[in-house]
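Encoded as structure tokens, the structure appears first; notes follow it.
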Amino acid sequence: MSLKIIVLAKQVPDTRNAGGKAMNDDGTINRSALPAIFNPDDLNALEQALLLKERHAGSKVTVITMGPARAADILREALYRGADEGILLSDRAFAGADTLATSYALSQAIRKVGEYDVILCGRQAIDGDTAQVGPQVAHMLGLPQVTGVRRVMESSSSAIVAERVIDNGVETVKAPLPLLLTVDAAAAPCRPRNAYRMLRFHRAATPQEQAAPGYAYRAQAERDPALALKEWSLEHVGGDPARCGLAGSPTKVKAVENVVFKAKESKRLTASDEDIKSLLGELLANHTIG
Ligand SMILES: Cc1cc2nc3c(=O)[nH]c(=O)nc-3n(C[C@H](O)[C@H](O)[C@H](O)COP(=O)(O)OP(=O)(O)OC[C@H]3O[C@@H](n4cnc5c(N)ncnc54)[C@H](O)[C@@H]3O)c2cc1C
């Protein structure tokens, strides 16, 4: 029994390595100063998808990302690691989307894909950090959802048994297909890029990229349909413009504040048992731990 698997993956600025120029003066992210990366939780989600694919011969993994043209980079990244197909959802009409409008656009793209058994997302993105998109997409598609998944333990054509991370523990749940899973950072890390797949898929390109003067692999792309990344606009996914982008975003940002953490005081300790004991005593006394 094969599964049709969709992974939602977001290209994010690498906020974990933010330097001094990471923020603009108006408090917005200076995206040009931060490298764009595959959202870390989404790599965990991709790995769960690839494990399901291995377990169910003949399965297909489709990765969808919504973003500007350069987000096609993470589709190639997913192909290097074992995904079968990449779809870029890109349109000016999607710009300025909050989580509701993002979820609507992604759910429209999933409807266009049509057949699916399992949709996997990361639990949260490291830039927006809301963890809202997965649950909202499930709601819009009328699907059951299991959030914060650490491991898919069993899978069949009708159900999945998964371990999910909860406060102070782990819960095992069984849910029927089709369904949506959000994958926690505690899940298995994604496998590395495969060298053979890199040689083949570094030529994969969206129609826009293929049309660019610098694209040197047109002949290969004509022979190998897997090199064609799909690019869908609002028109392709048949969405309501009023529910997309800024127009479809009820969130209003009132103010943005720069918060700079500064150490007020510091203490130098040695690795001796005595120093460690005194530090633990201090942390317990002021309820930092325990
Ligand atoms: C008023 C407003 C305007 C905004 N305008 C912009 C803008 O112009 N440009 C911009 O980049 N951001 C914009 N944002 C931020 C944007 O709304 C969020 O980054 C986006 O909705 C995802 O939310 P999140 O990052 O909290 O994702 P989370 O909910 O934390 O993500 C959970 C998971 O959902 C999936 N996912 C989330 N986003 C995507 C995606 N784009 N493609 C595929 N999968 C995804 C991933 O699997 C991810 O791990 C705006 C936000 C607001 C409030």
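Both ligands and their constituent atoms are indexed starting at 1 by order of listing. If you read the sequence from its start, that first residue is 1, and numbering goes on from there.
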Handout entry: N194 side chain reached by R81 side chain, heavy atoms, under 4.5 Å
Key =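 Result no, sub-4.5 Å side-chain heavy-atom pair not found.
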
Handout entry: Contact residues of ligand 1 (heavy atom under 4.0 Å), by chain and number
Key =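 Residue list for ligand 1: L8, A9, K10, R31, N39, D42, I64, T65, M66, G96, A97, D98, T99, T102, L106, C121, G122, R123, Q124, A125, D127, G128, D129, T130, A131, Q132, V133, T251.
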
Practice task
Answer yes when R123 and D184 have at least one side-chain N-carboxylate O distance shorter than 4.0 Å, and no when they do not.
Solution key: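 So R123 pairs with D184 through a salt bridge.
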
Problem - Between T251 and S249: side-chain donor-acceptor atoms closer than 3.5 Å - result: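 Note: T251 and S249 side chains miss the donor-acceptor criterion.
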
Handout entry: Side-chain donor-acceptor pair present, Q108, R111, cut-off under 3.5 Å
Key =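 Yes, because at least one side-chain N or O of Q108 sits under 3.5 Å from a partner of the opposite role on R111.
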
Exercise for the section: List for me each residue that meets side-chain hydrogen bond (donor to acceptor under 3.5 Å, both in side chains) alongside T65, sequence neighbours excluded, and say none if there are none. Expected result: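 In terms of side-chain hydrogen bond (donor to acceptor under 3.5 Å, both in side chains), with neighbours along the sequence ignored, T65 is linked to no residue.
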
Handout entry: Heavy-atom neighbours of R55 CZ exceed 12 at 6.0 Å
Key =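 Check passes, neighbour count above 12.
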
